[in-house]
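Quick notes on the structure that follows.
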Amino acid sequence: MDEIERPYDGCGKCLLGVRRLSRVKAGTLSPERQREDVLAAAEAVGGHIIDWADDWEVSGATDPMTRPMLGPWLRDQRATYDGLVAAAVDRLGRNVVDCLNTGYKMRDEGKLLVTYGHEGVWDLDDPADENRFTMEAWGAQMELRAIQRRNRNATVKMRAAGRPKGKSSYGFRYVRTVPNGRVEGVELHPHAAEVLREIARRILADPENVTCSSEAARLNRLGELSPSDHLAVMYGRPARGRPWQAGNRPDRETRPAVRGAVGPDHAQCASGGPERNRQPLSGAKVESCLSAYGSGLLWTVS
């Protein structure tokens, strides 16, 4: 199928391959299966793939217009293309409105929309095709809602049993009265919390010259364990030498967990109800944290 992948040539069927997966795990075959389905669907309509918009670790609830890889194509910020081809409607999204908006955008712009398992190009001007497309999008949304409900119920039950599903954020640690026992609460990790405070102090003291990137480089030079290695060592596993990297997600830079770790008042950071592991600082306390230690820092791990 190599000839199915070639550059844009103006044939009218130069298609963008769309793949998406919420969770990428070692050994998963979904990306390759999606690739095979996309190539087969493109070949069935006489088209070819000019590029791929692969959104890995992206929820189906995310609006296609805002997805990291597909979004720029839909916003006309990439090269010219004649349409989209995906392995299934749910790879476009798991929201009826988002799927229909994408489908109608393709129709209104005179572009093609193709999915594996559907014969030919989707014709949303045809009532039968429009109804089928809507039903498949609805089915994808129903599946998403069922997954979200199961996850919420599992989270509530596990936290009630003292076994949170997630890992503790950098700067915090779970409190257990016996090793590997029930989690009784969350407390600041003395060393990791101080690392975050020092980062915040240094950046605020010289914001023109000290940045998240320069601090990541400094921590790497000092041999300070990155968040993932720090967590591994806390639980008795060897560090793997993964580096610090400055976060680039502005919407998460002020997340409550990091605010609690760098803030001056830790009284409310212990443990909350079944819906959260810790209570974030709020109101005047948040403002105090931000003015004293900055707007928060996010560190991602490669």
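Along the sequence shown, residues are numbered consecutively beginning with 1. Side chains are part of it too, since the values below use all heavy atoms of this structure and drop only hydrogens, waters and symmetry mates.
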Next on the checklist: Can a donor-acceptor pair be found, under 3.5 Å and without considering hydrogens, that links the side chain of Arg67 to the backbone of Asp55?
Outcome noted: no
*ring-ring contact (aromatic ring centres under 6.0 Å, His included) between Phe133 and Trp138, worked out*: CA-CA 9 Å; Phe133 185 80; Trp138 185 28; over 10 Å; no
(request) Decide, yes or no, whether a salt bridge links Arg19 with Asp54 under the criterion of side-chain N to carboxylate O below 4.0 Å. (result) yes
query: Between Asp82 and Lys111, is there a side-chain N and carboxylate O pair less than 4.0 Å apart?
result: no
Inset, instruction - State whether the side chain of Thr62 and the backbone N or O of Val58 hold a donor-acceptor pair below 3.5 Å, judged by distance alone. - result: no
Lys/Arg N to Asp/Glu carboxylate O, Glu36 vs Arg33, below 4.0 Å: no
Glu43 bridged to Lys13 by N-O distance under 4.0 Å | no
message: Hydrophobic cluster membership, with links at side-chain heavy-atom distances under 4.5 Å among I/L/V/M/F/W/Y: are Leu92 and Met65 in one?
response: yes
(Q) For Leu225, is there any backbone N or O sitting under 3.5 Å from a side-chain donor or acceptor partner on Asp229? (A) no
Exercise: do Asn209 and Asp206 side chains pair donor with acceptor under 3.5 Å: yes
**Asked** Is Glu143 salt-bridged to Arg94, cutoff N-O under 4.0 Å?
**Response** yes
Do Leu124 and Leu84 belong to the same hydrophobic cluster, where Ile, Leu, Val, Met, Phe, Trp and Tyr are linked whenever their side-chain heavy atoms lie under 4.5 Å apart, directly or via other members?
yes
Quiz item: Does Asp51 use its side chain to pair, donor to acceptor, with the backbone of Leu16 at less than 3.5 Å?
Solution: no
Single-linkage hydrophobic cluster, 4.5 Å side-chain cutoff, Ile4 and Leu112 together = yes
*asked:* Using the rule that Ile, Leu, Val, Met, Phe, Trp and Tyr join whenever any side-chain heavy atoms are under 4.5 Å apart, tell me whether Tyr116 and Trp52 fall into a single cluster.
replied: no
For this session: Please confirm whether the backbone N or O of Gly93 pairs with a side-chain atom of Asp90, one donor and one acceptor, at under 3.5 Å?
Result: no
* Indicate whether any N or O donor in one side chain lies under 3.5 Å from an N or O acceptor in the other, for Ser168 and Arg173. => no
Under the side-chain contact (heavy atoms from CB on, under 4.5 Å) rule, what do Met106 and Val114 come out as? Steps first, then yes or no, please.
CA-CA 10 Å; Met106 295 296 101; Val114 182; over 6 Å; no
message: Using ring-ring contact (aromatic ring centres under 6.0 Å, His included), reason through His189 and Phe172 one step at a time and then give a plain yes or no.
response: CA-CA 5 Å; His189 188 284; Phe172 293 88; over 10 Å; no
So CG of Leu70 and CZ of Arg91: to nearest 0.5 Å the spacing works out to 12.5 Å
Output for pair (His191 NE2, Leu196 CG), nearest 0.5 Å, gives 10.0 Å
*Is there a chain of hydrophobic side chains (I, L, V, M, F, W, Y, each step under 4.5 Å between heavy atoms) that links Trp73 to Val18?*
yes
| task | Please confirm whether the backbone N or O of Ala216 pairs with a side-chain atom of Gln245, one donor and one acceptor, at under 3.5 Å? | result | no
Is a side-chain donor or acceptor of Thr155 paired with a backbone partner of Asn151 at a separation under 3.5 angstrom? yes
Is any side-chain N of the basic residue among Asp125 and Arg107 closer than 4.0 Å to the acidic one's carboxylate O? yes
Checklist entry - What do you reckon, is CZ of Arg75 surrounded by more than 12 foreign heavy atoms closer than 6.0 Å? => result yes
| Glu130 versus Tyr104, side-chain donor and acceptor atoms under 3.5 Å | yes
Next on the checklist: Can you tell me how the ring of Trp122 sits relative to the ring of His118, calling it parallel under 30°, perpendicular over 60° and tilted otherwise?
Outcome noted: parallel
### Message
Under 3.5 Å, is there a donor on one side chain and an acceptor on the other for Thr80 and Arg78?
### Response
no
Practice prompt. Look at atom CD of Glu119 and say whether more than 12 heavy atoms of other residues, nucleotides or ligands are closer to it than 6.0 Å.
Written response: no
- prompt: Is Arg6 paired with Asp9 through a side-chain N to carboxylate O contact shorter than 4.0 Å?
  reply: yes
| message | Can you confirm whether the side chains of Glu215 and Thr211 place a donor and an acceptor under 3.5 Å from each other? | response | no
**Item:** Under-4.0 Å salt bridge between Glu5 and Arg35
**Value:** yes
- prompt: For Thr115 and Asp37, what are the C-alpha separation, side-chain angles and deciding distance, and is it a side-chain contact (heavy atoms from CB on, under 4.5 Å)?
  reply: CA-CA 8 Å; Thr115 60; Asp37 290 346; over 6 Å; no
**Prompt:** For Trp56, does the CH2 atom have more than 12 heavy-atom neighbours from other residues, nucleotides or ligands under 6.0 Å away?
**Reply:** yes
When rounded to the nearest 0.5 Å, the distance separating CZ of Arg240 from OG of Ser228 is 8.0 Å
**Asked** Is there a side chain to side chain donor-acceptor pair (under 3.5 Å) between Ser226 and Arg242 once you walk through the steps?
**Response** CA-CA 6 Å; Ser226 66; Arg242 288 165 289 194; 5.3 Å; no
* Going through the distances and angles, do Leu100 and Thr134 end up as a side-chain contact (heavy atoms from CB on, under 4.5 Å)? -> CA-CA 7 Å; Leu100 289 175; Thr134 303; 3.6 Å; yes
Evaluate side-chain contact (heavy atoms from CB on, under 4.5 Å) for Val85 paired with Leu113, printing each intermediate quantity in order.
-> CA-CA 6 Å; Val85 54; Leu113 182 61; over 6 Å; no
